[in-house]
Amino acid sequence: MANWIITFKDRILSWFGVGKKESQPAEPEKTPIVEVARQPGLSCPECGTKLVISIASLINYEPVLCHGCGLELTIDQEKSRQSIESLRRLQDGLDQAEKIRSDNQLN
């Protein structure tokens, strides 16, 4: 077989975890970067304007007003119940993390 075919075959087998295994030093698992500061939102379905929406406004079922065209968006409370509950838990976790961070800065 040509050299490139063997190399290609070895890479495919390696991809699926088959074949010879070379010992590699274990690397510590990297901590994922979470962008909490990024403004969540969506585009207005009428005019495309970026609508910035806070977790707090979603949790409190506040309507979202588009500054581009004036469209008011509301949350269907029944259909969104599980999503809103998940956002509440996320916000609680963020609040706890912020408290820990501020407590550690004081020490």
Side-chain angles (χ1 to χ4, degrees):
M1 273 190 204
N3 231 5
W4 69 272
I5 294 175
I6 294 171
T7 302
F8 181 72
K9 179 189 77 156
D10 288 345
R11 287 186 181 168
I12 295 295
L13 291 174
S14 171
W15 175 264
F16 289 103
V18 179
K20 49 186 170 175
K21 301 209 178 205
E22 298 174 16
S23 65
Q24 296 178 351
E27 292 183 26
E29 189 174 319
K30 294 181 181 177
T31 304
I33 297 173
V34 178
E35 293 184 40
V36 176
R38 192 179 79 173
Q39 290 293 326
L42 56 102
S43 295
C44 173
E46 290 291 322
C47 69
T49 299
K50 175 72 174 183
L51 305 174
V52 177
I53 305 169
S54 70
I55 293 175
S57 65
L58 290 172
I59 290 172
N60 295 314
Y61 296 103
E62 295 173 4
V64 177
L65 182 64
C66 176
H67 298 289
C69 67
L71 179 69
E72 183 177 276
L73 301 169
T74 57
I75 298 170
D76 184 325
Q77 293 185 19
E78 187 61 36
K79 289 182 181 177
S80 303
R81 190 172 314 280
Q82 288 181 328
S83 298
I84 297 300
E85 186 55 38
S86 294
L87 283 173
R88 278 195 182 101
R89 288 192 304 269
L90 172 63
Q91 187 62 55
D92 289 345
L94 291 172
D95 292 344
Q96 289 174 1
E98 180 60 31
K99 182 179 181 334
I100 291 169
R101 187 179 70 81
S102 64
D103 288 349
N104 286 333
Q105 287 180 348
L106 294 175
N107 295 331

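Computed from heavy atoms alone, side chains included, the values below leave out hydrogens, waters and symmetry copies.
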Check: Do you know which two heavy atoms are closest between Gly70 and Leu65, and how far apart they sit?
Finding: O-CD1, 3.3 Å
Notebook entry, point to check: So how far is it from Arg81 CZ to Asp76 CG, rounded to the nearest 0.5 Å?
Noted result: 9.5 Å
Checklist line | Approximate separation, where rounding is to 0.5 Å, of Asp95 CG and Leu90 CG | finding: 9.0 Å
Checklist line | Sub-4.5 Å side-chain heavy-atom contact between Leu73 and Pro45 | finding: yes
Next item on the list: Mind listing the closest non-hydrogen atom pair of Leu51 and Cys66 along with its distance?
Entry: CD2-CA, 3.5 Å
Margin query: Contact between Val64 and Leu42 at the side-chain level, heavy atoms closer than 4.5 Å - yes or no?
Written below: no
Item checked: For Ser43, side chain to side chain donor-acceptor pair (under 3.5 Å) partners two or more places apart -> none
Check: If Ile, Leu, Val, Met, Phe, Trp and Tyr residues are connected whenever their side-chain heavy atoms lie under 4.5 Å apart, and connections chain through other members, are Ile55 and Tyr61 in the same group?
Finding: yes
Margin query: For a quick test of reading the model, state the closest non-hydrogen atom pair linking Thr49 to Gly68 and the distance between them.
Written below: OG1-CA, 3.7 Å
Next item on the list: Find the distance between CG (Asn60) and CG (Leu87) and round it off to the nearest 0.5 Å.
Entry: 11.0 Å
Checklist line | Spacing of Leu94 atom CG and Lys99 atom NZ [to the nearest 0.5 Å] | finding: 15.5 Å
Notebook entry, point to check: Among side-chain atoms of Ser83 and Ser80, is any donor-acceptor pair under 3.5 angstrom?
Noted result: no
Next item on the list: Enter the distance from Leu58:CG to Ile53:CD1 here, rounded to the nearest 0.5 Å.
Entry: 5.5 Å
Next item on the list: State the CD1-CG distance between Ile59 and Asp92, to the nearest 0.5 angstrom.
Entry: 7.5 Å
